[in-house]
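To start, the structure under review is shown below, and the notes come after it.
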Amino acid sequence: MDGFLFTDTEQRKNFLELSENTISSFHLPYGIVPNVLVDGKIYHVPMAIEESSVVAAASHSARFWSERGGFKVRQLSTEKLGHVYLRWFAEPYNLKEQWEQLKFFLLERLKKVTASMVHRGGGILRLELLDETGLLDHLYKIELVVDTVNSMGANFVNTCLEDIAEGLYLFFDIDPADPSKKVQVIMAILSNNTDKCTLTLEASCKLDDLKLISENLPVEEFADKMAFAYRIASVDSFRAATHNKGIMNGVDAVLIATGNDFRAAEAAAHAFASKDGSYRSLSCCALDSGVFTIGITMPLALGTVGGITNLHPLASLSLEILGNPTAKELMGVVAAVGLATNFAAVRSLVTTGIQKGHMRLHLSNILNSLNAPPEKRKEAETWFRKRKVSFNAVKHFLDEKKH
């Protein structure tokens, strides 16, 4: 266990204090996807992931698209929100009639909390009262919409919401412990359903450019199969789940490397994919007048300051490698890598099949697990270049070479 900890005592202390009951650290391979071109700027993107095929796929796609203008952000919004959920037991009109006065009172209270964020160019955008009694009796919620600039903003949002919850009781002069109170705060919490913190990103090329990656398929057939495969993911939830998982392979790896909350991004992505009542793909593909286009629209609430981005040494290094991007720039980079890994996966599916690339890269892991010596590794790599790879097949090959 100790072998996985920092030898530098100060670094070890900082790292272990990131979590609770820490006895060691868990390592993931840390790789780089070079030459990801987003809005005319080249990024070398760190990824922390154990699946080598993801890094390889992202790198291959990034190179292909960088030579054809790269990825371009078409739309980007950064609104984040949270809610104070409350039950109102008095007449509904009493709450609604007093809302404007209550809103002013709450916003005034929040000025002391938001001053620093406002100074950085962010702050509160909207505060609204929403009637949810059609869902549950007496249920209302106060929705807070904010701009947190370059921070992910979870702590900021939750601090504001808890201040609002406290302000509710003060405004109505109510003791929270009074069982006969007319308002009861249930909870105050940010939402990871960040459907107002989204971006749309695209990449396009001429149909003839696809000849380089269409394997043995005629380019027209390749493009048609690609477009149809994306359409399947837009109507079939079973395919969409795996399709979106391929996107999140790339997204999560960059988020982990940069110290961002990949669990929140996963929750937001899957909620967004279901926003129309059916689970659909986050990405799309179109073929029009000889131009082939892939695109993605997804939520990404990210930060480049605060959280562990300043505490985790590799998170800080990752942002430095990326050129210390703003949160908006990082959103574009992350979406580009997600779309690149998705494109590579679909390309494999409609040509050689997914296992060829997966198992070729997995061969190295199998050889490591079997403690194959260097000379046998080279022989195995040559032998399995055009053969199916499996654990048993590799083991049998090595056993045969012993005799």
Side-chain angles (χ1 to χ4, degrees), residues 76-88 95-96 98-100 102-136 138-172 176 183-199 255 259-275 298-309 327-328 330-331:
L76 189 149
S77 57
T78 58
E79 294 184 2
K80 299 164 188 175
L81 52 86
H83 301 98
V84 176
Y85 291 88
L86 60 107
R87 283 196 288 194
W88 180 261
L95 176 59
K96 294 173 183 177
Q98 296 181 81
W99 170 242
E100 289 303 321
L102 171 59
K103 178 179 176 180
F104 178 80
F105 174 77
L106 296 174
L107 290 174
E108 285 297 306
R109 278 177 54 86
L110 284 169
K111 284 182 178 179
K112 64 182 184 298
V113 178
T114 62
S116 178
M117 187 64 73
V118 170
H119 181 72
R120 296 198 297 271
I124 295 173
L125 302 176
R126 294 188 301 281
L127 191 66
E128 299 177 2
L129 175 68
L130 303 177
D131 185 341
E132 303 288 0
T133 54
L135 301 175
L136 290 172
H138 309 292
L139 176 63
Y140 290 82
K141 67 181 178 184
I142 295 175
E143 182 170 85
L144 174 74
V145 183
V146 301
D147 180 355
T148 57
V149 198
N150 287 323
S151 67
M152 190 275 178
N155 288 332
F156 173 76
V157 174
N158 286 332
T159 299
C160 290
L161 292 169
E162 290 180 4
D163 192 270
I164 290 171
E166 181 183 333
L168 275 170
Y169 286 125
L170 290 174
F171 180 83
F172 291 109
V183 60
Q184 179 191 47
V185 173
I186 303 299
M187 56 186 164
I189 186 67
L190 86 156
S191 175
N192 288 126
N193 188 2
T194 51
D195 61 348
K196 298 294 189 296
C197 187
T198 63
L199 83 162
L255 297 188
N260 274 276
D261 188 345
F262 71 95
R263 287 95 45 195
E266 286 273 355
H270 298 306
F272 192 79
S274 306
K275 62 184 174 61
M298 70 179 299
L300 277 172
L302 308 182
T304 55
V305 297
I308 70 165
T309 55
K328 289 181 178 179
L330 184 59
M331 287 172 69

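Within the model, atoms CZ of F262 and CG of N260 stand 11.5 Å from one another, a figure rounded to the nearest 0.5 Å. For the atom pair CG (N150) and OG1 (T304), the distance works out to 4.0 Å, reported to the nearest 0.5 Å. The line from CD of E266 to CG of N192 is 11.5 Å long, rounded to the nearest 0.5 Å. Between the CG atom in L190 and the CG atom in N158 there is a gap of 5.0 Å [rounded to 0.5 Å]. For the atom pair NZ (K103) and CD (Q98), the distance works out to 15.5 Å, reported to the nearest 0.5 Å. To the nearest 0.5 angstrom, D147 atom CG is 4.0 Å from T78 atom OG1.
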Intermediate values then yes/no, side-chain contact (heavy atoms from CB on, under 4.5 Å), E143 and V145: CA-CA 7 Å; E143 182 170 85; V145 183; 4.2 Å; yes

- Task: Evaluate the criterion salt bridge (Lys or Arg N to Asp or Glu O under 4.0 Å) for residue pair K141 and D131; output intermediate values, then yes/no.
- Result: CA-CA 7 Å; K141 67 181 178 184; D131 185 341; over 6 Å; no

Item to complete: Kindly determine whether F104 and W99 satisfy ring-ring contact (aromatic ring centres under 6.0 Å, His included), including the steps that lead there.
Response: CA-CA 8 Å; F104 178 80; W99 170 242; over 10 Å; no

Exercise for the section: Could you go through the side-chain contact (heavy atoms from CB on, under 4.5 Å) check for I142 and L161 one step at a time? Expected result: CA-CA 9 Å; I142 295 175; L161 292 169; over 6 Å; no

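Taking 4.5 Å as the limit, some side-chain heavy atom of S151 sits within range of a side-chain heavy atom of V305. When side chains are defined from C-beta on, K196 does not count as touching K80, because their heavy atoms never get closer than 4.5 Å. With a 4.5 Å cut-off on side-chain heavy atoms, R87 and V183 do not count as touching. Residues H83 and Y140 form no side-chain contact, since every pair of their non-hydrogen atoms from C-beta on lies 4.5 Å or further apart. F172 is listed as a side-chain neighbour of L102, based on a closest heavy-atom distance under 4.5 Å. Taking 4.5 Å as the limit, every side-chain heavy atom of V185 sits out of range of all side-chain heavy atoms of Y85. The shortest side-chain heavy-atom distance between V146 and L81 does not fall under the 4.5 Å cut-off.
With respect to the salt-bridge test (charged N to carboxylate O, under 4.0 angstrom), the residues K112 and D163 qualify.
Across F156 and V113, no two heavy atoms sit closer than the pair CE1-O, 4.0 Å. Of all heavy-atom pairs spanning T194 and S191, the tightest one is CG2-O, 3.7 Å. Taking all atoms of both residues into account, the shortest heavy-atom contact from L199 to L300 is CD2-CD1, 3.8 Å. Here the closest heavy-atom approach between residue A165 and residue A188 is recorded as CB-CB, 4.4 Å. Residues L144 and V157 approach most closely at CD2-O, 4.3 Å, considering heavy atoms. In terms of heavy-atom proximity, M152 sits nearest to A264 at CE-CB, 4.4 Å.
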Which pairs would a plain distance check flag for residues 117-128, meaning a side-chain donor or acceptor within less than 3.5 Å of a matching protein atom at least two apart in sequence or in another chain?
residue, atom, partner, partner atom, Å
R120, NH1, S116, OG, 2.9
R126, NH1, E79, OE2, 3.3
R126, NH2, E79, OE1, 2.9

